[in-house]
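See below for the structure under consideration.
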Amino acid sequence: MQSLPGFRDFYPEECAFRDGIIAKWCEVARRYGFVRYDAPPLEPLELYTQKSGDEIVGQLYHFVDKGGRDVALRPEMTPSLTRMVGGRYRDYRKPMKWFSVPQVFRYERMQRGRLREHFQWNCDIIGEESLRGEVELLALLIDGLRVFGLGDEDVVVRLSDRIFWTDFLKERGVGEDRWYEFFQAIDKSEREGEEKTRKQLGVLADDVIKVLNEGAESARLDEVEAGLARRGMAQYVKRDFRIVRGLAYYTGVVFEVFDRKGEYRAIAGGGRYDDLFAKQGNEAVPVLGFGMGDVVLGEILKDRGWKPNDADITVDVFVFMVNEGEERWGDHAVRILRDAGIKTDLVFKPTKMAKQYELAEERGARWGLCLKGDKVEVKDLKSREVKQMADVEAVVAWVKSNLG
Ligand code: HAM
């Protein structure tokens, strides 16, 4: 029986790859002073039906649980975050800087870069209304790409401003009930082509297409770009009013990250969503954030030959057994090595030496250990150089001084 379409099994090497990505995300977030939080993967259906927009609601995995509750697997983290913060907003000093790495679930049409589950790095700044928040968040996002060796020649943050568009709509007397539809048309314009977009936009088409092609003024974007220039990151951003975000709740500066060549789907996306708290029945709270998935990023990194630190799937020492009856010594040796914090594996019983070597190699062991009379022999499994030592304690000292 296979896993469901769009769901992944993570064999150890794939798990190490995924964990390598997550470890980098956590490291960068902490470097920026963000703290980690988490929430349940299963939430009341209602949390999503009103706030996230029709597109994501259409992609929900939802069912009625045994207690008769309508529940859904989280398709994104943002509504859970706002619920959590709404409940204890006064307990934390502002601005709050929180991150999380949830697995999220969306019943999407399957295509390259889009699965039905993914891990999503979420970083949000809560309680900051100034554009200093955008500068800090975007700098974190950019460093979240740089840690993987992605430079400004590889990726670009396409930066836009929803307020520009809402002002545009207000000036033309378009009622709020039609805004979501309008943003959906712009969000899809790149994929669907000008003719279809024109049809969807109706009388607004000429004015909109002009902005999409030629750009427009935005004092907010000027300020954000100036801040990023001071952080030495201006070359990563490009103003682009085609970015409006498919999700319904964004209210201010918004952005999406793409590879420069445009070969992959979006790597990350986010923006300011100051109204979501109020929509959940809380006091208004200024907030902004982004999500970066492991799928597109993983494809790009694989294509570039990026490798995580393989310490997750290797051991340092492998204990061999040459003769019958060496199990006692083997157990003694691994106990001492492991208690000293050295990653160690062993054969469970003496078998053919060729088999033991194959196993040691697959485990990625650097040194092999075996009993030699009343001494211990340590073999460098790469250079095949051999050393005799008095006991396992001596091996511990030697391995420790040679690790790293
Ligand atoms: P989003 O744009 O829907 O935003 O998702 C963010 C990122 O998650 C995307 O750029 C993409 O890398 C990845 N992603 C989304 N759907 C899939 C999928 N089906 N398969 C693989 N990867 C996917 C949000 O979810 C917002 N809640 C982010 C946010 C946080 N905004 C403010 N704070």
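This one's a predicted model, so the numbers in the text were calculated from it and none came from an experiment. Below, each value reflects all heavy atoms present in this structure, side chains not excepted, and no hydrogens, waters or symmetry copies.
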Would I186 and V208 satisfy side-chain contact (heavy atoms from CB on, under 4.5 Å), going step by step from the backbone distance to the final call?
-> CA-CA 9 Å; I186 298 186; V208 172; 4.1 Å; yes

Kindly determine whether H332 and R328 satisfy side-chain contact (heavy atoms from CB on, under 4.5 Å), including the steps that lead there.
-> CA-CA 6 Å; H332 162 78; R328 275 171 70 105; over 6 Å; no

With side-chain contact (heavy atoms from CB on, under 4.5 Å) as the test, would you mind laying out the steps for V287 and L276 before giving the verdict?
-> CA-CA 9 Å; V287 56; L276 191 56; 5.7 Å; no

Is there a side-chain contact (heavy atoms from CB on, under 4.5 Å) between Y249 and T78 once you walk through the steps?
-> CA-CA 10 Å; Y249 45 66; T78 311; 3.3 Å; yes

Step-by-step side-chain hydrogen bond (donor to acceptor under 3.5 Å, both in side chains) determination, E194 to S189 = CA-CA 7 Å; E194 193 172 318; S189 62; over 6 Å; no

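When only modelled atom types and interatomic distance are considered, D275 and T251 share no side-chain donor-acceptor pair under 3.5 Å. Between the side chains of K279 and Y273, not a single donor N or O lies within less than 3.5 Å of an accepting N or O. Side-chain N/O atoms of E195 and T197 include no donor and acceptor closer than 3.5 Å. Side-chain atoms of Q184 and D187 include no donor-acceptor pair closer than 3.5 Å.
For the salt bridge (charged side-chain N to carboxylate O under 4.0 Å, His left out) test, residues two or more places apart in sequence or in another chain that qualify with R231 are E136. The side-chain hydrogen bond (donor to acceptor under 3.5 Å, both in side chains) check on R239 picks up D222, E225, with sequence neighbours excluded. Partners of K199 according to the salt bridge (charged side-chain N to carboxylate O under 4.0 Å, His left out) rule, which considers only residues two or more places apart in sequence or in another chain, do not exist here. Every side-chain contact (heavy atoms from CB on, under 4.5 Å) that L60 has, sequence neighbours left out, goes to L45, Y48, V57, H62, A72, P75.
Aromatic pair Y264/F258: centroids not less than 6.0 angstrom apart. Between F99 and Y32, the distance separating the two ring centers is not shorter than 6.0 angstrom. Residues Y180 and F182 place their aromatic rings such that the two centres sit no closer than 6.0 Å.
Residues T82 and Y89 are not in side-chain contact: their nearest non-hydrogen atoms beyond the backbone lie 4.5 Å or more apart. R178 has its side chain out of reach of L169: every pair of non-hydrogen atoms, C-beta onward, lies at least 4.5 Å apart. Looking at M233 and L138, their side chains never come closer than 4.5 Å, going by heavy atoms from C-beta outward.
Ring geometry for F164 against F168 counts as tilted: the plane angle lies between 30° and 60°, on a 0 to 90° scale. Classification of the W98-Y92 ring pair by plane angle, with boundaries at 30° and 60°, yields perpendicular.
A salt bridge links E256 with R245: at least one charged nitrogen is closer than 4.0 Å to a carboxylate oxygen. Between K188 and E192 there is no salt bridge, since no side-chain N of the basic residue sits under 4.0 Å from a carboxylate O of the acidic one. Here D240 pairs with R242 in a salt bridge; the nearest charged N to carboxylate O distance falls below 4.0 Å. Residues E117 and R8 are paired through a salt bridge, judged by an N-O separation under 4.0 Å between the basic side chain and the carboxylate. A salt bridge does not link R366 with D316: none of the charged nitrogens is closer than 4.0 Å to a carboxylate oxygen. In this structure, E361 does not pair ionically with R363, as no charged nitrogen and carboxylate oxygen lie closer than 4.0 Å. Using a 4.0 Å cut-off between charged side-chain N and carboxylate O, R146 and D143 make a salt bridge. Salt bridge R304/D154: present, at least one basic N to carboxylate O contact under 4.0 Å. Comment: D274 engages R272 in a salt bridge, judged by a side-chain N to carboxylate O separation of less than 4.0 angstrom. A salt bridge is absent between R106 and E76: the closest approach of a Lys/Arg side-chain nitrogen to an acidic carboxylate oxygen does not fall below 4.0 angstrom. With respect to E223 and R132, no salt bridge is recorded, no charged nitrogen being found less than 4.0 Å from a carboxylate O.
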Only pairs under 3.5 Å count here: list side-chain donor-acceptor contacts from residues 17-27, not counting sequence neighbours, and write none if there are none.
| residue | atom | partner | partner atom | Å |
| --- | --- | --- | --- | --- |
| E27 | OE2 | R31 | NE | 3.0 |
| E27 | OE2 | R31 | NH2 | 3.4 |

If you look only at distance, which donor and acceptor atoms sit under 3.5 Å apart when one is on a side chain in residues 390-404 and the other is two or more places apart or in another chain?
| residue | atom | partner | partner atom | Å |
| --- | --- | --- | --- | --- |
| D391 | OD1 | E393 | N | 3.4 |
| D391 | OD1 | A394 | N | 3.0 |
| K400 | NZ | A340 | O | 2.9 |
| S401 | OG | A397 | O | 3.3 |
| S401 | OG | W398 | O | 2.9 |
| N402 | ND2 | W398 | O | 2.8 |

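Both the sub-6.0 Å distance and the 45° axial angle are satisfied by R116 relative to the ring of Y107.
Note that NZ of K238 is 11.5 Å distant from OG of S160, once rounded to the nearest 0.5 Å. Annotation: the span from D65 atom CG to L42 atom CG amounts to 7.5 Å, rounded to 0.5 Å.
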